[in-house]
Amino acid sequence: MLKDNALLVRDQIIELLAKTNSELTTTLKHDSPFQLLIATILSAQCTDKRVNSITEKLFAAHPTVEALDQLSLEKLEAYIKSAGLWRIKARNIKHTCRMLINDFHGEVPKTRDELMRLPGVGRKTANVVLANAFYIPAFPVDTHVHRVANRLGLVNSKTSIQTESQLMNIIPYNHWNDAHHWLINHGRQVCQARRPLCNKCILTDHCQYNNQH
DNA sequence: AACTCGGGGCA
DNA sequence: TGCCCAGAGTT
């Protein structure tokens, strides 16, 4: 019963994706897995647009792990100060560069476990790199995705890891990327954590949350 | 599982 | 100016 509802919601979303313009999807600009890794570390609690404005200059001058490793902590901090949490991120990025060189032959690892050993890389960031740098099936779940998918009844899960696997099961692989971006945008603009704007929502007919409030 | 971190954004 | 955000890391 719940599963049937999830399938209905899924089909509604996929229908919406066809009409959605690609401008809705913000992307982190990068030329290599390494650059995507650094950009994704920077993107925590920060919009992709601001990250891109930082990495545009940073990667122009220091495009590789070897080049970025040579950059002093102070200069790195100066580059990324507009990203928020810059002290932590600068330290993590420096440490990550050293680990890539020392432990991974200067390459970005291709497994989630290895990626998550890098400081500043959690499960969500690891999944972003796996999916977008290496095209390895992975579904990044942030709080927006987790909240919206559960409210809509697309999944029924306690943890974001459960949400991750349930979304991978119910959404066709070719829609993972745009569905991910749609869920994030819907979470930011409509299905907000505290004040969900259900009157602006197109999916209220099958929504568990809306029908309870 | 719940808490802390530490910046920016926004009312 | 105080509250909120959203990831990672810690206990």
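Basis for what follows: all heavy atoms, side chains included, without hydrogens, waters or symmetry-related copies. Remember, predicted model here, so these are calculated numbers, not experimental data. Letters go in sequence order (proteins before strands), and every chain restarts at 1.
The interatomic distance linking A/Gln192 (CD) with C/dC4 (P) rounds to 14 Å, in whole Å. In this structure, A/Arg87 places its CZ atom 5 Å from P of B/dG7, rounding to the nearest Å. Between the CH2 atom of A/Trp86 and the P atom of B/dG8 there is a distance of 9 Å, given to the nearest Å. One can place CD of A/Gln45 at 16 Å from P of B/dC10, the figure rounded to the nearest angstrom. Regarding A/Lys81, its NZ atom lies at a distance of 15 Å from the P atom of B/dG9, rounded to whole Å. Remark: C1' of C/dG7 and CG of A/Asn127 are 13 Å apart, rounded to the nearest angstrom. To the nearest angstrom, C1' of B/dC5 lies 11 Å from CG of A/Asn92. Spacing between atom CD1 of A/Ile41 and atom C1' of C/dA8 amounts to 11 Å, rounded to whole angstrom units.
One N or O on the side chain of A/Lys89 and one on the backbone of A/Ala44 form a donor-acceptor pair closer than 3.5 Å. No donor-acceptor pair under 3.5 Å is formed between the side chain of A/Asp69 and the backbone N or O of A/Val65. A donor-acceptor pair is defined here as one N or O able to donate and one able to accept, closer than 3.5 Å; such a pair exists between the side chain of A/Gln166 and the backbone of A/Asn156. Looking only at distances, no side-chain donor or acceptor of A/Arg112 sits under 3.5 Å from a matching main-chain atom of A/Ala126.
Which of B/dG6, C/dG7, C/dG9 sits closest to the side chain of A/Leu85 comes down to B/dG6. Counting only heavy atoms from C-beta on, A/Asp142 has its side chain closest to C/dG7 among C/dG7, B/dG7, B/dG6.
A donor-acceptor contact closer than 3.5 angstrom is absent between the side chains of A/Thr40 and A/Thr125.
For C/dA8, the OP1/OP2 oxygens have a side-chain nitrogen or oxygen of A/Thr125 closer than 4.0 Å. A/Arg50 has a side-chain polar atom (N or O) that falls below the 4.0 Å cut-off from OP1 or OP2 of B/dG9.
Between the P atoms of B/dT4 and C/dC3, the separation comes to 16 Å (whole Å). Rounded to a whole angstrom, the distance from the P atom of C/dC4 to that of B/dC3 is 15 Å.
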